[in-house]
Chemist: 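Questions regarding the structure given below will be posed in turn.
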Amino acid sequence: MIPKVFKEVIDLGDGREISIETGKLAKQAHGSVVVQSGKCMLLCTVVSNYEQKDLDFLPLTVDYREKFAASGRYPGGFFKREARPSDGEVLTMRLVDRVLRPLFPKDYHSETQVMIQLMSNDEDVMPDAMAGLAASAAIQLSDFPFECAISEARVGRVNGEFVINPSRAQLAESDIDMMIGASADSVMMVEGEMDEISEEEMTEAIKFAHEHIKLQCAAQLRLAEAFGKKEVREYPSEREDADLEKKVHDMAYDKVYAIAQAGSAKHERSAAFSEIKDSIKATFSEEELADFGDLVSKYYRKAEKEAVRDLTLNEGLRLDGRKTSDIRPIWCEIDYLPSVHGSAIFTRGETQALATVTLGTSREANKIDMPSYEGEETFYLHYNFPPFCTGEARPIRGTSRREVGHGNLAQRALKGMVPADCPYTVRVVSEVLESNGSSSMATVCAGTMAMMDAGIQMKKPVSGIAMGLISDGETGKYAVLSDILGDEDHLGDMDFKVTGTADGITACQMDIKVKGLGYDILVAALNQARDGRLHILEKLTDAIAAPREDVKPYAPKMVTVRIPNEYIGALIGPGGKVIQELQKETGCTIVINEDPVTEEGIVEILGTGQEGIDAVMAKIDSLTFKPEVGSAYEVKVIKMLDFGAVVEYMDAPGNETLLHVSELAWERTENVSDVVNMGDVFDIKFIGFDPRTKKDKVSRKALLPKPEGYKERAPRDDSRSGGRDNRGRDNRGRDDRNSRDRDRKRD
C-alpha cells in the first residue's frame, strides 16, 4: 500500500512549476522530500544525531551527488560506480551550506547531515537551482532547531528580461548568472557571474530572485503544516555565566580597544591579543580554569569582537590603522618565472598570489562529465591554498572545498574577458603564498596580469576586491570596509567579493550575516567596492598596460586551419602514420577535430619554432592542394613513362599528375625524352579534368608559342552517314546483302 503523500506546488509564473512532496520515500530520515520540476527530481534527506558533540562549532555536512542513472548513463572510468564528488557537485554543496549553517543555533553541536541526490535529470532544468529549496523543505519536516525556511534560486537576464531558474540554453544567451539564497525576510547569499553589469542592475536581479524565494518559503511552511509540524527537539544548551562574562569583558575590552586603535601588523597584533587573553586567564586558579576555562576563552573572544567593531563604528579606524575605504599597499610584478608561458605576482598588504599561465591545444581542455551536463572548458583556473600561507603546519589532504570554490569564483571573474577567437586552451594556476584577507581576489588580479604577460589578448583587464560591513541594529550606524583583513571577515556582518572591469561587474560572492539588510546599504557597499576595484585596476595596468602582442619566444605558437572533411584521413594516414611522423619531424603538436556543423576538419598546430609550424602548414597545403583551371604551375619531372611524364607540383610536394605525351610540345613527339628528362623543372597549365578518365589534364605546350606555319589537324568528321558506328561499311544496307546471299543459295 502506497503511503499518503503530501504535496505543494510552486508556480514559477511562465508555465513551469516546482513540486515538493513527502511521505513516500526515505521515511526513516528525520526529514525527506522529493523536489521536482519537469523530469528533474531531487531527493533530499536530513538527519541530526541527538547527542551533542564536544565541539565549539556545528558539525554540519551538506552533500550533493548526481547519479549517472538519472541521465541513463554509466559512470566513466574503470570502476563503473560514482566515486568522489566532481567540482560541480562540490560547488553546489557550498552554495547550500553557506545559507543553512548560520540558521542553526550557535550552541547546537549535534552531527548533522544533509544529503541531496539527483535521481532523474531533465536537460531543460538545472538541478543546482533547487538544491537549497530541497534542503530547507526537508529540515522544515524535521525537529531540528532551525531559525526559518530558506530557499535558493538562479536568476538570468535574456533580452533585458529577468528569468527565474533559466534553462542551460537560456543561460547561454543571458548576461547574468546569479544564485541567490534568502529567507522570506532577508537575502543571505549571492554568487554569480555577469557580463559587465552595473551595481544597480545587480541589485535589481537580487530583488527579482527574492520575490520568487518568498513564494518557495511559503510553500515549505504549508507542506510542513499539512504533514504535521514536529515539536523542536530539546538539546543541552551551553553553560553560561553572566557574572564571569562581565568580569572578562571589563578586563579585556579597554586593552583590546587600545591595541586595535594603535594599528599593527597581523602577527604583532595576534601576539598582543594573546597576551591579554593569557593575562586574564592568569587571574584564575588552575581549578577555576579546569572548571570554566572554556567560558573564559569564549567571553574573551566576544569582548575582543565587540571592541574591534566599536572602534570602527565610533572612530572609523581598523585593526591595521586604515580608514574604512583605504586599500592596503599594492605591488605587482610580471614575467617573474623565466620558463613558464606567463606569470605574475600580486601583493596587497599581507596577501600574495603568484599566478602562472599555460597554453595548450584543445586536447588539454578540461572535460566535464556530470549526469546533468557534459562539456569542456578551454579556459579554467586552479587555486591552491597551502598551509604555510597563514603560518601554519597542517596535513594536506587533497583539494579542499574552499579551494574549489575560490578557484571557481576567480575563473568566473576572468573567463568572460577571454576572446572567443583565442586559439589556445588556457590554464591559470594561482599559488597563494601569503593570506590575510581575500586571496581569491588577489588571484583574480594576478591571473589578469599573468594572462596579459602570456600574450592572451584579453578584452579588458579585471580586478577584484573583498568588502565587509559592520552595523549596529540599535543605532542604525554602519561602516562599509574596503579590502578587508582576515580578522574583519570573521567579525563583520557581511563580507562580499566583487570583480569587474572599468565598465562593470563580472562576478560576485556575498554572504550576509544580519537580518533585514537594506538595499540602500547594499548599493552603497557596491559603489564603494567599485571605487576600490578601480584603484586596484590602476595598479595592475601600471605593471602591464596591455597584453603582449605575441606569446613569448619559448611559449608555443598556435595556428588553426580548416581543411575539407575528405582530407582528414590523408593527414592522419594509415594507423596515424602520417601525423605521427609529421609531429616527430617538426616538433609540433597537431590536433584534429571535426566541426559538428560544417563537418570540416579543424587542425590545431602548436609549436615553439616557426620553422616547424611552417613545415606542418606546407604539408597541409600539399595534401589539400587543388589546382585552378587556367592557372599555370611550376612542376618537376619525377617519373618517365612511354606515354608521358609524371610531374610533381613544386608548391605542393607529394601532389603528382600525368603530363601526356601529346601535351608536351606542339610538334609531334615520338619519345618523351626528346622533350623532357628526369628532374626537369618547367611550367604547365591546368586545363581541367578529362571527362573520360576523370583525371587532371595538364599541358606544357599550352604555355609555349605555336611554331611558325603550324597547322592544326582537322578535327575528325563524325557527321558522315552512319557516323563513327558505321566505319568500314558502304552505303548498301544490311537488307541488300541478305537478299544477295539468298539468291546465291537458290542458284
Side-chain angles (χ1 to χ4, degrees), residues 29-33 44-63 93-116 132-152 181-189 213 217 220-221 224-225 228-242 244-246 248-249 292-306 309 470-474 489-495 511-517:
H30 295 162
S32 69
V33 296
C44 179
T45 59
V46 295
V47 174
S48 186
N49 294 338
Y50 283 92
E51 61 274 9
Q52 288 269 74
K53 289 275 189 179
D54 186 19
L55 300 169
D56 61 353
F57 63 91
L58 171 65
L60 169 67
T61 300
V62 176
D63 197 81
M93 298 176 196
R94 282 175 52 84
L95 285 173
V96 177
D97 186 295
R98 284 162 51 198
V99 183
L100 295 184
R101 190 175 293 273
L103 297 179
F104 285 92
K106 294 187 182 303
D107 60 351
Y108 186 68
H109 301 149
S110 295
E111 189 165 356
T112 304
Q113 189 174 51
V114 177
M115 294 190 66
I116 310 163
L133 168 63
S136 177
I139 292 174
Q140 294 307 306
L141 301 175
S142 73
D143 62 349
F144 300 176
F146 193 74
E147 187 171 324
C148 61
I150 62 94
S151 189
E152 295 179 349
S183 66
D185 300 325
S186 303
V187 174
M188 306 170 65
M189 185 277 299
I213 287 173
C217 291
Q220 296 175 51
L221 298 180
E225 190 66 30
K229 183 69 175 175
K230 297 178 182 177
E231 291 291 329
V232 176
R233 68 173 62 176
E234 294 184 359
Y235 63 94
S237 58
E238 291 182 343
R239 185 174 50 159
E240 298 291 345
D241 187 327
L244 179 62
E245 179 178 2
K246 184 177 185 307
V248 172
H249 179 275
F292 51 77
D294 55 337
L295 285 180
V296 174
S297 297
K298 173 184 172 180
Y299 294 145
Y300 169 77
R301 290 194 299 270
K302 187 174 181 180
E304 180 184 298
K305 179 177 180 179
E306 182 182 347
R309 287 170 61 91
I470 295 176
S471 62
D472 186 339
E474 295 180 1
D489 190 356
H490 300 297
L491 62 83
D493 298 322
M494 174 176 71
D495 65 89
D511 290 295
I512 302 169
K513 307 168 190 175
V514 291
K515 293 182 182 179
L517 180 71

Chemist: Tell me which one of His109, Glu51, Gln52 satisfies side chain to side chain contact (heavy atoms under 4.5 Å, CB included) with Tyr235.
Modeler: Gln52
Chemist: Nearest 0.5 angstrom please: Lys513 NZ to Ser471 OG, how far?
Modeler: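 With rounding to 0.5 Å, NZ (Lys513) is 11.0 Å from OG (Ser471).
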Chemist: Would you check if the side chain of Lys230 reaches a backbone N or O of His30 as a donor-acceptor pair within less than 3.5 Å?
Modeler: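 Judged by distance alone, yes, a pair lies under 3.5 Å.
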Chemist: Should Val114 and Leu60 count as side-chain neighbours, where that means a heavy-atom distance under 4.5 Å?
Modeler: yes
Chemist: Do Asp143 and Arg233 sit within salt-bridge range, that is, some charged N less than 4.0 Å from a carboxylate O?
Modeler: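 Arg233 and Asp143: salt-bridged.
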Chemist: Keeping Tyr299 on the side-chain end and Asp241 on the backbone end, is there a donor-acceptor pair under 3.5 Å?
Modeler: yes
Chemist: Let's go through Asp56 and Lys298 carefully: what are the C-alpha distance in whole Å and the side-chain angles of both, what is the deciding distance for salt bridge (Lys or Arg N to Asp or Glu O under 4.0 Å) to 0.1 Å, and is it a yes or a no?
Modeler: CA-CA 9 Å; Asp56 61 353; Lys298 173 184 172 180; over 6 Å; no
Chemist: Please determine if Asp493 and Arg309 form a salt bridge, counting it only when a charged side-chain N lies under 4.0 Å from a carboxylate O.
Modeler: yes
Chemist: With sequence neighbours excluded, what pairs up with Arg98 under the salt bridge (Lys or Arg N to Asp or Glu O under 4.0 Å) test?
Modeler: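 Once residues adjacent in sequence are excluded, the partners of Arg98 under the salt bridge (Lys or Arg N to Asp or Glu O under 4.0 Å) criterion are Glu191, Asp511.
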Chemist: Compare every heavy atom of Ser151 with every heavy atom of Ile213, then report the nearest pair and how far apart it is.
Modeler: CD1-O, 3.7 Å
Chemist: Which heavy atom of Ala135 sits nearest to which heavy atom of Ile116, and what is that distance?
Modeler: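 Minimum heavy-atom separation between Ala135 and Ile116: CB-CD1, 4.2 Å.
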Chemist: Would you say NZ of Lys515 has more than 12 non-hydrogen atoms from neighbouring residues, nucleotides or ligands within 6.0 angstrom?
Modeler: no
Chemist: Considering residues, nucleotides and ligands other than Glu238, do more than 12 of their heavy atoms fall under 6.0 Å from its CD?
Modeler: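 Yes - once you tally the heavy atoms of other residues, nucleotides and ligands closer than 6.0 Å, there are more than 12.
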Chemist: Mind listing the closest non-hydrogen atom pair of Leu141 and Ala224 along with its distance?
Modeler: CD2-CA, 3.7 Å
Chemist: Checking the side chain of Lys229 only, and the main-chain atoms of Gln140 only, is there a donor and an acceptor separated by less than 3.5 Å?
Modeler: yes
Chemist: Measure the CD-CD distance between Glu245 and Glu240 for me, rounded to the nearest 0.5 Å.
Modeler: 6.5 Å
Chemist: So which heavy atom on Leu221 is nearest to which on Ala149, and how close?
Modeler: CD2-CB, 4.3 Å
Chemist: Of all the heavy-atom pairs spanning Val99 and Ile150, show the shortest one and how long it is.
Modeler: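 Smallest heavy-atom distance, with atoms named: CG1-CD1, 3.6 Å.
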Chemist: Does any N or O in the side chain of Thr112 come within less than 3.5 Å of the main-chain N or O of Ser110, such that one atom is a donor and the other an acceptor?
Modeler: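 Yes; judged by distance alone, with no hydrogens or angles, the pair exists.
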Chemist: Indicate the ring-plane relationship of Phe146 and Phe104, choosing parallel, tilted or perpendicular according to the 30° and 60° boundaries.
Modeler: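 The arrangement is perpendicular - the two ring planes meet at more than 60°.
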Chemist: Report the distance from atom CG of Leu100 to atom CD of Glu152, rounding to the nearest 0.5 Å.
Modeler: 7.5 Å
Chemist: Roughly how far apart are Ser136 OG and Gln220 CD, rounded to 0.5 Å?
Modeler: 3.5 Å
Chemist: So, taking the atom named CD1 in Ile470 and the one named NZ in Lys305, what distance separates them when rounded to the nearest 0.5 Å?
Modeler: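 Going from the CD1 atom of Ile470 to the NZ atom of Lys305 covers 9.5 Å.
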Chemist: Given 3.5 Å as the limit, does a donor-acceptor pair link the side chain of Gln113 with the main chain of Val47, or not?
Modeler: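 Flag not set: sc Gln113 to bb Val47 has no pair under 3.5 Å.
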Chemist: Taking the side chain as C-beta and beyond, is there a heavy-atom pair between Asp294 and Arg239 under 4.5 Å?
Modeler: yes
Chemist: Please check this pair: side chain of Ser183 against backbone of Asp185, looking for a donor-acceptor N/O pair closer than 3.5 Å.
Modeler: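 Answer holds: yes.
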Chemist: If you compare all heavy atoms of Pro145 against all heavy atoms of Val232, which two are closest, and at what distance to 0.1 Å?
Modeler: CA-CG1, 3.7 Å
Chemist: For the pair Leu103 and Ile139, evaluate side-chain contact (heavy atoms from CB on, under 4.5 Å) and give the outcome as yes or no after the intermediate values.
Modeler: CA-CA 11 Å; Leu103 297 179; Ile139 292 174; over 6 Å; no
Chemist: Please test His490 against Asp495 for side-chain contact (heavy atoms from CB on, under 4.5 Å), starting from the C-alpha separation and ending with a verdict.
Modeler: CA-CA 9 Å; His490 300 297; Asp495 65 89; over 6 Å; no
Chemist: For Asp472, which residues count as a salt bridge (Lys or Arg N to Asp or Glu O under 4.0 Å) partner, sequence neighbours excluded?
Modeler: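 Salt bridge (Lys or Arg N to Asp or Glu O under 4.0 Å) check on Asp472 returns nothing, list empty.
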